[in-house]
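Only one structure is covered here, and it is reproduced in the block below.
Just follow the structure's listing: the first ligand is 1, and inside any ligand the first atom is 1. No hydrogens, no waters, no symmetry mates; every other heavy atom, side chains included, goes into these values.
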Amino acid sequence: MGLDQILARVRAAEQAAGRAAGSVTLIAVSKVQPAERVQAVLDQGHRVFGENYVQEAAGKWPDWRAAYGPLQVHMIGPLQTNKAKLAVDLFDAIHTLDRPSLAQKLASLGQARGSLPQLFVQVNTGEEPQKAGVLPADLPGFLRDCAGLGLSPHGLMCIPPEDQDPTPHFAVLARMAADHGLSGLSMGMSSDFEVAIAHGATHIRVGSAIFGARTYPTP
Ligand SMILES: *Cc1c(COP(=O)(O)O)cnc(C)c1O
């Protein structure tokens, strides 16, 4: 599809939902994409990207920041506690705060360095056993624990089950965010970002629709 078409669809979805133009941040998910595809999108002027792997991001974004000037890189993949220090130095936002041990680690890093990336709490809205994220029933307690540690998450994030209609998941995430006074909503991917925008997404994470299909290195 390409960046321009996706941006046009985002603007149309904002308008259809009665939302201000520019109220949705398009995160271009560049994980495992060849450098020339990412550079093409940088050259078109886009400045907000998403990555899933700390090591991969560390290998490319410092150079691109130096070359292209101010940009935002969002961590949207699972974050191991032992990579948290690298992550807070590298990313502008972390969408995958999903457990108490990571909250503790981020809180202590924040104390040491005086600031932290913007944080989203990942919620496992589908209650899938293999998927990361705080269970909906545990969210109030988790947010209380975060507050106790001095963390103030900006919003919530979800990845709906692959085989289901995402609509109820987006709706429930939006309701939970409103219940807790959180303004950020990270939801919606290539196949469903317009639905997510209709339900109040503030950040959509779109990869293959911008860059083309990902080819993972064979293990
Ligand atoms: C890879 C990924 C995306 C982008 O997926 P597409 O279907 O390529 O748009 C979005 N969110 C998360 C958490 C991802 O891991």
Side-chain angles (χ1 to χ4, degrees), residues 1-10 13 24-35 37-38 40-41 44 46-61 72-80 83-84 87 90-99 102 117-128 130-134 153-167 169-170 172-174 177 184-217 219:
M1 284 225 81
L3 178 68
D4 287 343
Q5 278 162 294
I6 297 303
L7 281 171
R9 285 171 59 187
V10 171
V24 177
T25 299
L26 172 63
I27 301 172
V29 178
S30 48
K31 64 174 176 225
V32 312
Q33 294 286 357
R37 288 193 197 167
V38 184
V41 169
Q44 288 176 80
H46 197 70
R47 290 292 179 266
V48 188
F49 293 84
E51 290 286 343
N52 285 59
Y53 312 103
V54 175
Q55 228 69 42
E56 184 193 351
K60 53 192 196 184
W61 285 102
Q72 286 180 32
V73 187
H74 293 239
M75 174 59 172
I76 64 168
L79 181 56
Q80 291 171 261
K83 300 238 172 77
L90 193 58
F91 295 108
D92 303 280
I94 295 173
H95 291 236
T96 47
L97 171 53
D98 62 354
R99 59 192 189 279
L102 183 58
Q118 197 171 58
L119 300 176
F120 292 78
V121 174
Q122 182 175 354
V123 182
N124 187 353
T125 56
E127 308 194 16
E128 296 172 279
Q130 83 287 5
K131 197 166 269 179
V134 178
H154 174 68
L156 303 180
M157 176 270 213
C158 76
I159 308 171
E162 259 174 52
D163 54 350
Q164 285 180 28
D165 177 2
T167 311
H169 297 275
F170 295 156
V172 85
L173 196 74
L185 271 177
S186 168
M187 58 191 197
M189 309 182 12
S190 288
S191 57
D192 55 20
F193 66 87
E194 282 137 328
V195 183
I197 291 171
H199 284 84
T202 59
H203 293 70
I204 56 173
R205 311 177 307 263
V206 180
S208 44
I210 293 175
F211 294 106
R214 287 179 288 275
T215 36
Y216 287 91

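- Classified by interplanar angle (parallel below 30°, tilted 30° to 60°, perpendicular above 60°), the ring pair His74/His203 is tilted.
- Lys31 contributes no side-chain N or O that, together with a main-chain N or O of Gly77, makes up a donor-acceptor pair within less than 3.5 Å.
- When only modelled atom types and interatomic distance are considered, Thr96 and Asp98 share no side-chain donor-acceptor pair under 3.5 Å.
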Distances only, to 0.1 Å: what are the N or O pairs between ligand 1 and the protein that fall under 3.5 Å?
unit_1	atom_1	unit_2	atom_2	d
ligand 1	8 (O)	Ser208	N	2.8
ligand 1	8 (O)	Ser208	OG	2.8
ligand 1	8 (O)	Arg214	NH1	2.7
ligand 1	8 (O)	Arg214	NH2	3.2
ligand 1	9 (O)	Ser190	N	3.0
ligand 1	9 (O)	Ser190	OG	2.5
ligand 1	9 (O)	Gly207	N	2.8
ligand 1	11 (N)	Arg205	NE	2.9
ligand 1	15 (O)	Lys31	NZ	2.7
ligand 1	15 (O)	Asn52	ND2	2.7

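- Residues satisfying the side-chain contact (heavy atoms from CB on, under 4.5 Å) criterion with Gln5, sequence neighbours excluded, are Met1.
- In this view, Glu194 and Arg9, Ala13 satisfy the side-chain contact (heavy atoms from CB on, under 4.5 Å) rule, not counting sequence neighbours.
- Residues forming a side-chain contact (heavy atoms from CB on, under 4.5 Å) with Pro160 (at least two apart in sequence, or on another chain): Cys158, Pro166, His169, Phe170.
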